[in-house]
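Just below is one structure, and these are the notes that go with it.
No experiment lies behind these values; they were computed from the predicted model shown.
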Amino acid sequence: MRAPARRRAVAMTGAALAVTLMAACSGSSGDEQDDAATAGGSGGELGGSLALATTSDVGPKLFIDDFEAETGVTVEGTYAEAGALGEQLRIQITSGTAPDLFRAAPGTASPSAVLTLAQEGALMDLSGQDWAQYVPESFAPLQQMDGATYAFPTYGQAILAFYNKEVFEEVGVEPPATWPEFVDVLDQLKAAGKVPLALGLADNYIIQFLPYALSATLVNGQEPDFYERLEAGETSFAESEGWRETFEVFLGLIEDGYTTPDPLGMPGDPAMQAVGSGEAAIVVMPSAASPVLAGFMAGGEEQMGVFAVPATENAADTHIPFTPDYLVVNADAKNPDAALAFLDYIAEPERTAAWADEVGAIPALTNAEPIDNSLNQTVQPFLSEGRTTPFANHVWPGGEVATALMEVGQQAVEGSKSVDDLLAALDAAYQESMS
C-alpha cells in the first residue's frame, strides 16, 4: 500500500452518531462568583430551582435526587436531541430565557458551541472552580478563551480502532502499535479472506473518522502549532505535510484493497455489522458507538477489542482524537449558585466516572476514578501522557470545513477529485467560515 512519506478516532444509531460529530464577561462580578463557588463547595442549603438542559437524562439522573436532598435545590431538567437543543438554546439566549446550566458543543463547532457563546459574553467564566485544574490541557482549544475556562467536561469519547477478537485470534494477529505493524496486520487479514477495515461511506459523515484518527498524529502530533498558524494566515491545509499525508494514506487504504470493496455503497451500520459477524475485522469510529458494535457480536463486549490508530514507525508518536461533551453556565443564570454547586457535585472523581460509565464513555477530568474496561484502559495512557487532540471538526470554525471534507472527500474516494482538490476545498471553506 501507499506508505506515509515520513513514516509517520448506551446504543447509538447512525443518525445520532452523525450529530455527535459536529474573554467574555461572566454576567456576575468576581465577588458574586466567589460567593457562588463557596456555596457550591459547602454542601449547604442553596434552595430555589436549577434549570438544566442537556441531550439526555441518562447521566444526570444518577445524581439529581441526592443533589436535591443535600442542597434544597429543585432541578428542572429539559432533555432533547443535540441539534434540536442547540437551536432551542440559540433562541433562548437571544431572548434572555436560557436555562441556568446547559449542554454546549465543543469549540466553535456550532452556533451554540462553547467558544461561540463565550465570544458573545453568554457564558460564565469558570476558571476559578476547583475542578478546573483537572481539565486536560488538550481541551483548551475547545473551552478556553484568553486563558479563561468556560465549560465543564462531563465525559469524553475517542476515535479508535475497534476489532473482532475472534477474527484476530483466527488469523493469528495482535493489535498493532506502529504503522508498519498496522500494515502487516491488514495484509494478514486480507490474505485470510477477511475485509481488514470496514468502511461505510454511504453515510457521508463517516468519511471523517479515519482522517481524524490519522491527523491526530500526523498533524496535531507533528505540527502542534498548525491551527495557530492557520488562524494567523501563516499556513494552509494545502501547505500542511500532515494533512496531505493524512489524505494520501486514507485514500491509499481504499485503493490498495484494505477496506470494504465499495465503501461508497456501504452504510455505517452494515459496516459495523460486518465486523460483528466476522466478515470484516476492524472499524474506526468514535467510542460512543462501541455499544452498538458490541451488540452485533455474539460475545458482546467481551468479543470487542480496541486499539489506537498508529500513523508512524514510533508508537510514542501516536495521538488519539479525544473530545468531551460540555455543560456551561449561563452568564445571566437566575440561580448561578445552584449551577456552580451542581458542577462541583458531579466533579467529585467517583461521580465523574459514574456518569461516563453510565453513558458508555470515558471520564474527562484527569482525577476521575478509572473505569475498569478495555476502552478506558486504552485511552487513559494517552490522557495521562498528554497525547490526545480534539476531533478536528471541533476546532474548525462553524461547519463549513467539515462539510467540504464530507462532500469533496467522497468525490476523492470515487476518483473524480484529487488530494490537491480536497485540500483546496478545505482551505476555501476555512476562509469562508472566517470571513
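Side-chain contact between Phe250 and Ile207 is present, with at least one heavy-atom pair separated by less than 4.5 Å. No side-chain heavy atom of Asp184 sits less than 4.5 Å from a side-chain heavy atom of Glu181. Between Phe209 and Val283, the closest side-chain pair of non-hydrogen atoms is not below 4.5 Å. The side-chain heavy atoms of Leu160 and Val379, taken from C-beta on, include a pair separated by under 4.5 Å. The side-chain heavy atoms of Pro263 and Ile254, taken from C-beta on, include a pair separated by under 4.5 Å.
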Derivation and outcome, side-chain hydrogen bond (donor to acceptor under 3.5 Å, both in side chains), residues Asp420 and Ser418: CA-CA 5 Å; Asp420 284 335; Ser418 66; 4.8 Å; no
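Remark: Gln133 CD is packed, more than 12 non-hydrogen atoms of other residues, nucleotides or ligands lying under 6.0 Å away. In Glu414, the CD atom is crowded: over 12 heavy atoms of neighbouring residues, nucleotides or ligands sit closer than 6.0 Å.
Using a 4.0 Å cut-off between charged nitrogen and carboxylate oxygen, Arg229 and Glu223 do not count as a salt-bridge pair. For Arg387 and Asp317, the salt-bridge test fails: no basic side-chain N is under 4.0 Å from an acidic carboxylate O. Salt-bridge annotation for Glu407 and Lys417: absent, with no side-chain N of the basic residue lying under 4.0 Å from a carboxylate O of the acidic one.
Considering all non-hydrogen atoms of both residues, Ser240 and Val219 come closest at OG-CG2, 4.4 Å. Pro111 and Thr116 make their closest contact through O-CG2, 3.5 Å (heavy atoms, listed as atom of the first residue, atom of the second, distance). Heavy atoms only, all atoms of each residue included: Met297 and Asn164 are closest at CE-CA, 3.7 Å. The minimum heavy-atom distance between Pro211 and Phe247, with the atom names listed, is CB-CE2, 4.0 Å.
Considering Leu340, Val329, Asn330 in turn, Val329 is the only one that fulfils the side-chain contact (heavy atoms from CB on, under 4.5 Å) rule with Leu101. Phe342 pairs in a ring pair (Phe, Tyr, Trp, His ring centres under 6.0 Å) with only one of the listed residues (Phe102, Phe67, Trp131), which is Phe67.
The aromatic rings of Tyr326 and Phe139 lie perpendicular to each other, with more than 60° between the two planes, well past the 30° mark. Taking the six-membered ring where tryptophan is involved, the planes of Tyr212 and Trp396 are perpendicular, since the angle between them exceeds 60° and thus also 30°.
Close placement of the Phe182 and Trp179 rings is indicated, their centers lying within 6.0 Å of each other. Ring pair Phe226/Phe237: centre-to-centre distance below 6.0 Å.
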